[in-house]
> 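Sharing a structure with you now.
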2 protein chains.
Amino acid sequence: MFKFGSEINKNEVEPKKSKKQMAIAERHRELILIAKDIISAEGFHGFTMDKLASASGYSKGTIYNHFASKEDVIVTISCEALKTLAQMYRKAYEFEGLSRDKVVALNVAYRIFSRLEPVLFMCVLTSKTPWVVEKSSAENIEKQNLAEEMLIEIADKFILDAIDGEDLKLAPTASTDALIFANWAVAFGSNALLNNATNSQCIERIKDPYSVLYNVNIVLDGMNWQPLSSRRDYKKVWREVEQTIFADETAYLAQIGR
Amino acid sequence: MFKFGSEINKNEVEPKKSKKQMAIAERHRELILIAKDIISAEGFHGFTMDKLASASGYSKGTIYNHFASKEDVIVTISCEALKTLAQMYRKAYEFEGLSRDKVVALNVAYRIFSRLEPVLFMCVLTSKTPWVVEKSSAENIEKQNLAEEMLIEIADKFILDAIDGEDLKLAPTASTDALIFANWAVAFGSNALLNNATNSQCIERIKDPYSVLYNVNIVLDGMNWQPLSSRRDYKKVWREVEQTIFADETAYLAQIGR
DNA sequence: ACCTGAACACCGTTCAAGT
DNA sequence: ACCTGAACACCGTTCAAGT
């Protein structure tokens, strides 16, 4: 099972740290987890810097040594969320199957992530909002971009493999970036709209578990990524992915009924 | 030229109002416009209820007679934004051309809207965020849903026409809702990611004016909406739409360089 | 019935003093 | 060098008093 936080700061290139620095890094990890818990329990409005201070046992001054502002905490969580997502993408890449099956696995990963960790997903969404962007440090926004780049790099592998295996042909005017962007846009859009599905009827009617797959199929068919959805049962692939590489997560989600 | 606010409250079904009620409705319109201006000038953090009060000349108590909370103001702006967008969609529907050309027009409308009125677009995006949802009145969220339904209703016409004209075949397992959702997801996702394009490289490389069209083409090709993008120059259609029905808006955007 | 603005409570942020 | 928490400023929200 993927656990948010297990990797926080671990994969950063930071040569030889002093004991002090190690302790600070450890505290950083701790604070992010506590912040996430507060948001889970009390919502974004219930999350205050005071609560983060008292729940962690550190003073407010120390909290502000770690984060430039309240919004900075959200961006930091979002960064870590993207790293967790990257791990899941890497696992999706390991799925044994056709190149297009792997993309299905990628989208299963994204969908599971957004349901398994709604708060993290919301932090990512909220980080795209002026309310957060306006007040977060340039340095942290840069980190966020790097985390996004990392995801794009992984996504690139899926596409390059497909081109290598001749399941996909790049139009002379297109680039892999364009394809990644199309995928990203539809995945981000679908999940953002679905997770917020308050009670809009259109979305209500569409809330079946495969609606994301449906959108993905349209996009991949549009790219002419072989085999087309008319010639292969990608619902079955979706289920296979859920039951093999993401079996634990799927079982857990079924158990808590989300 | 589409002007946000010109239609505020005008198309609501509200039978015979007293003079007092008319005045209140008028003030409502006024407040929304002022709120938007403050956000434009000073950002979402610069927007405070105090400023809305003093800029409008009304007391805070009166402001709170109109809006349940600060977040409620954002949702209200978002609602009105969706109504403005609906007008633009209706105009796109009038574009003379193939059924698929009209969908291109729809997406030109959306793209123009998001550039012409970035603040409104951000209000729509921000309204999908827990920060706002948590604190807005149920009644207002309902209004937001109705505004979305209205957009969906318009979008439905584009699809039904295409089915009528046999440019598009509905798969037995699919529904028009599913197609609308796919379109909506890719449009929302593309524009959200593009408008926030801080400096992510993938997005940077892709920031040409037709990247939304590119995604739309993929989606419509995936639906097998005739004629396919390989058989028709939709860039040309996109430009035609810009230069005919949205000529004023396009000229204005070029002038201010956005 | 509607409007007002002083008053309140809460929370983000800072910084002088402490270790 | 890092930590503390009292103090400050600001802002969302309310409500008794006024018209």
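First the proteins, then the strands, lettered A, B, ... as listed; each starts at 1.
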> A quick test of your reading: do over 12 heavy atoms of other residues, nucleotides or ligands sit less than 6.0 Å from CZ of F2(A)?
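Yes, enclosed.
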> When you get a sec, tell me which of dC11(C), dC3(C), dT13(C) is the closest nucleotide to the side chain of Y64(A)?
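Of the options given, the side chain of Y64(A) lies nearest dT13(C).
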> For F47(A) and dG12(C), what is the distance between atoms CZ and P respectively, to the nearest whole Å?
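So the CZ-P distance, F47(A) to dG12(C), works out to 8 Å.
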> Considering Watson-Crick and G-U wobble pairs with both distances under 3.5 Å, what does dT14(C) pair with?
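Paired with dA6(D).
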> Considering every strand and a 4.0 Å limit on heavy-atom distances, what is the contact class for T62(A): base, sugar-phosphate, or nothing?
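Since a base atom lies under 4.0 Å of T62(A), the category is base.
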> Grab the CD1-P distance between I63(B) and dC3(C) for me, whole Å please.
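After rounding, the gap between these two atoms is 11 Å.
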> Students often get this wrong, so: under 4.0 angstrom with heavy atoms, is K135(B) touching a base, only sugar-phosphate, or nothing?
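Result for K135(B) = sugar-phosphate.
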> Considering only NZ, NE, NH1 and NH2 on the basic side and carboxylate oxygens on the acidic side, decide whether K60(B) and D50(B) come within less than 4.0 Å.
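Looking at D50(B) together with K60(B), the answer is yes, because their closest N to O distance falls below 4.0 Å.
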> Check the distance between dC10(D)'s P and M49(A)'s CE and give it to me in whole angstrom.
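It works out to 19 Å between those atoms.
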> Does a side-chain N or O of N65(B) approach OP1 or OP2 of dC2(C) to a distance below 4.0 Å, or not?
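Result: no.
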> State the pairing partner of dA1(C); accept Watson-Crick or G-U wobble contacts with both distances under 3.5 Å, and report none otherwise.
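Result: dT19(D).
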> Without hydrogens or angle criteria, can the side chains of S56(A) and E30(A) be said to hold a donor-acceptor pair below 3.5 Å?
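Note: S56(A) and E30(A) side chains miss the donor-acceptor criterion.
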> For H66(A) and dA1(D), what is the distance between atoms NE2 and C1' respectively, to the nearest whole Å?
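After rounding, the gap between these two atoms is 14 Å.
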> In whole angstroms, how far is the C1' atom of dC11(D) from the NE2 atom of H45(A)?
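It works out to 13 Å between those atoms.
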> Within this structure, what is the CZ-to-C1' distance between F67(B) and dT13(D), rounded to whole angstrom?
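The distance from CZ of F67(B) to C1' of dT13(D) comes to 15 Å, rounded to the nearest Å.
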> Is it the case that the base of dT14(D) and the side chain of K60(B) share a donor-acceptor contact (distance under 3.5 Å, atom types as modelled)?
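By the distance-only test, no, there is no pair.
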> Is the side chain of E249(A) donor-acceptor paired with the backbone N or O of L116(A) at a distance under 3.5 Å, no angle test?
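A pair under 3.5 Å: no.
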> Specify the separation, in whole Å, of atom CG of D50(A) and atom P of dA7(D).
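To the nearest whole Å, that distance equals 15 Å.
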> Atom NZ of K70(B) to atom P of dC10(C): distance rounded to whole Å?
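These atoms are roughly 19 Å apart.
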> Quick check on dC3(D): is either OP1 or OP2 less than 4.0 Å from any side-chain nitrogen or oxygen of R27(A)?
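Yes, R27(A) has a side-chain N/O under 4.0 Å of OP1/OP2 on dC3(D).
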> Can a salt bridge be assigned to the pair E80(B) and K83(B) using a cut-off of 4.0 Å between side-chain N and carboxylate O?
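Result for this pair is yes, salt bridge flagged.
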